[in-house]
Amino acid sequence: MKKYFVFLILLVLWGCLEVPSDDTDLVVDEDEFALNVPSDFDWSCITGAGLTVNIKKNGNITSALDNTMVELYDENNVLLDALTILGGMAEFNVRIPKSVEQLNVKIVASGESVAVDANAASVDYEVKDISAIVLGGLKSAADRVTGSASYVIFEDLWPSKGDYDFNDIVVKTEYSWVRDKKNYIENIDVVCNVECIGAGMKLGLGFELFEAKGTNLYYLGDIITDIQGAEKDNSVRNGVIAFSKVQDIGENEITFSVNLKEEELKEFVFIPYLFRTNSPDHQVRPYGAPPTEGQDMSLFHTKDDTSPRTWSWEEGKKFKYPLSESEAFYRSKDNYPWGIEFITNKKFQPCQERISILIEYPSFKSWAESGGKNGMEWYDNHS
């Protein structure tokens, strides 16, 4: 009888010490993450900028600088993309932080730069003296371009609330790409740095490839021909699995390379998705991203999620990213996110475990409650 009593005590103690399961992880006190978020706020820190550069002589389009390069820089002189001038034009589609106010266009042949408003749709470059321009020794169209670093921060308990420290997985990603002479992308290299693992559960990370035109994304046919350093996600068209279990990777760098079909893609966006290692169809994405084809759709509109219940993935379909309001996926009842993506050239400092992001990043509250109008660079202002 005494042994049985001791066993009961040990059993009760074990229940008190047991690590919470994936779906019953501790959540933050409501008062520690209380925001009055506008219903139309899409939690986006990034915008798509479409800029057409027109090469002109005496006010008319000229092909005099065709097959030479034009480069696009942000206001901090960070290279965003480089294109070959064709038919007197170059059409850029880049992703930039919403806080960026100015872009700079550099005509490589002349060495001259033109400043332009970040919201401008086009800019003209007037060629002053074509005979004085030296066309030799220019950059090759095959030179690799490396874009700005993007971060994605996740709460992993979707569709349940998390603790809003957004440190369950923090990944920094850099993309570089090679274009052919017609500006089609041939190859994309991806470097992922896992910078924080606050999650207790086993998690993997994938990326889904889309064609991009400004803030619109398009579903593609299967255009990935080869993947090196990662695995193809057979449940997601143009999906790549960077890793299946973050605990095996640790806070380290992962690199992979994707080769594409010829003359299929000129501008791209990779949208990440977090998935549970033991249940790959249980996924979570940044706010307003549509689900992948591999998502268990029955999880939507359960627990704290208020996402739509249906989506279609047909080739050629266009959608605005991020989706917002009632169309947004991975949206809570209070219009809170489970994932946020942003671009910064500074090092982001993840929150401490179970410390609300409102405490460690004080301008986050102003950013969220103003619908993104204030505190746009909240991620660069750690307390």
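Among pairs with a residue in residues 289-301, those fulfilling salt bridge (Lys or Arg N to Asp or Glu O under 4.0 Å) read Arg237-Glu293, at least two apart in sequence or across chains.
The CZ atom of Phe41 sits 10.5 Å away from atom CD of Glu369, with the distance rounded to the nearest 0.5 Å. In this structure, CG on Asp180 lies 8.0 Å from OG1 on Thr84, to the nearest 0.5 angstrom. Taking CD1 of Ile169 as the reference point, atom CG of Leu274 lies at 6.0 Å (rounded to 0.5 Å). Rounding to the nearest 0.5 Å gives a distance of 11.0 Å between CZ of Phe207 and CZ of Phe268. Between Ser150 atom OG and Phe348 atom CZ the span is 12.5 Å, to the nearest 0.5 Å. The distance from atom OG of Ser356 to atom CG of Asp165, rounded to the nearest 0.5 Å, is 8.0 Å.
Between Glu341 and Arg95 there is a salt bridge, since at least one side-chain N of the basic residue sits less than 4.0 Å from a carboxylate O of the acidic one. Using a 4.0 Å cut-off between charged side-chain N and carboxylate O, Lys161 and Glu155 make no salt bridge. The pair Glu91-Lys266 does not meet the salt-bridge criterion, since no charged nitrogen lies less than 4.0 angstrom from a carboxylate oxygen. Under 4.0 Å is where a charged nitrogen must lie from a carboxylate oxygen, and between Glu267 and Arg179 at least one such pair does.
Under the side chain to side chain contact (heavy atoms under 4.5 Å, CB included) criterion, Cys196 pairs with Asn167, Val170, Pro350, not counting sequence neighbours. Listed by chain and residue number, nothing satisfies the ring pair (Phe, Tyr, Trp, His ring centres under 6.0 Å) test with Phe243 (two or more places apart in sequence, or in another chain).
The only member of Thr52, Asp117, Val114 that meets side chain to side chain contact (heavy atoms under 4.5 Å, CB included) when paired with Val123 is Val114.
With hydrogens and angles disregarded, no donor-acceptor distance shorter than 3.5 Å links the side chain of Ser176 to the backbone of Val145. No donor-acceptor pair closer than 3.5 Å links the side chain of Asn335 to the backbone N or O of Arg331. Within the 3.5 Å criterion, the main-chain N or O of Thr302 finds no donor-acceptor partner in the side chain of Asp305. Not one N or O on the side chain of Asn76 forms a donor-acceptor pair closer than 3.5 Å with the backbone of Val78. Judged purely by atom type and a 3.5 angstrom limit, Asp189 has no side-chain atom pairing as donor or acceptor with the backbone of Thr255. Listed for the Asp42 side chain is no donor-acceptor partner under 3.5 Å among the backbone atoms of Ser324. Although no hydrogens or angles enter the test, the distance criterion places no donor-acceptor pair under 3.5 Å between the side chain of Ser312 and the main chain of Glu314. Here the side chain of His282 pairs no donor or acceptor atom with the backbone of Leu299 at under 3.5 angstrom.
The shortest distance between side-chain heavy atoms of Val70 and Phe92 falls below 4.5 Å. Side-chain contact check for Ile340 versus Cys45: some heavy-atom pair is nearer than 4.5 Å.
For Trp338 and Asp156, the side-chain atoms include no donor-acceptor pair closer than 3.5 Å. Side-chain polar atoms of Ser279 and Asp281 form a donor-acceptor pair below 3.5 angstrom.
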| request: Assess whether salt bridge (Lys or Arg N to Asp or Glu O under 4.0 Å) is satisfied between Lys56 and Asp124, documenting all intermediate values. | output: CA-CA 7 Å; Lys56 292 188 173 182; Asp124 295 340; 3.2 Å; yes
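With side-chain heavy atoms closer than 4.5 Å counting as contact, directly or through intermediates, the hydrophobic cluster containing Met89 also holds Ile61. Hydrophobic cluster of Val236: the remaining members, joined at side-chain heavy-atom separations below 4.5 Å, are Ile241, Tyr273, Phe275, listed by chain and number. Members clustered with Tyr218: none, using a 4.5 Å side-chain heavy-atom cutoff among hydrophobic residues.
Between Tyr287 and Trp43, the angle of the ring planes lies from 30° to 60°, which puts this pair in the tilted group. In this pair, Phe166 and Tyr164 present their aromatic rings tilted. The plane angle is within the 30 to 60° band.
Across Arg285 and Pro272, no two heavy atoms sit closer than the pair NE-O, 3.2 Å.
A cation-pi geometry, defined here as NZ or CZ lying under 6.0 Å from the six-membered ring centre and within 45° of its normal, does not hold between Lys365 and Trp378.
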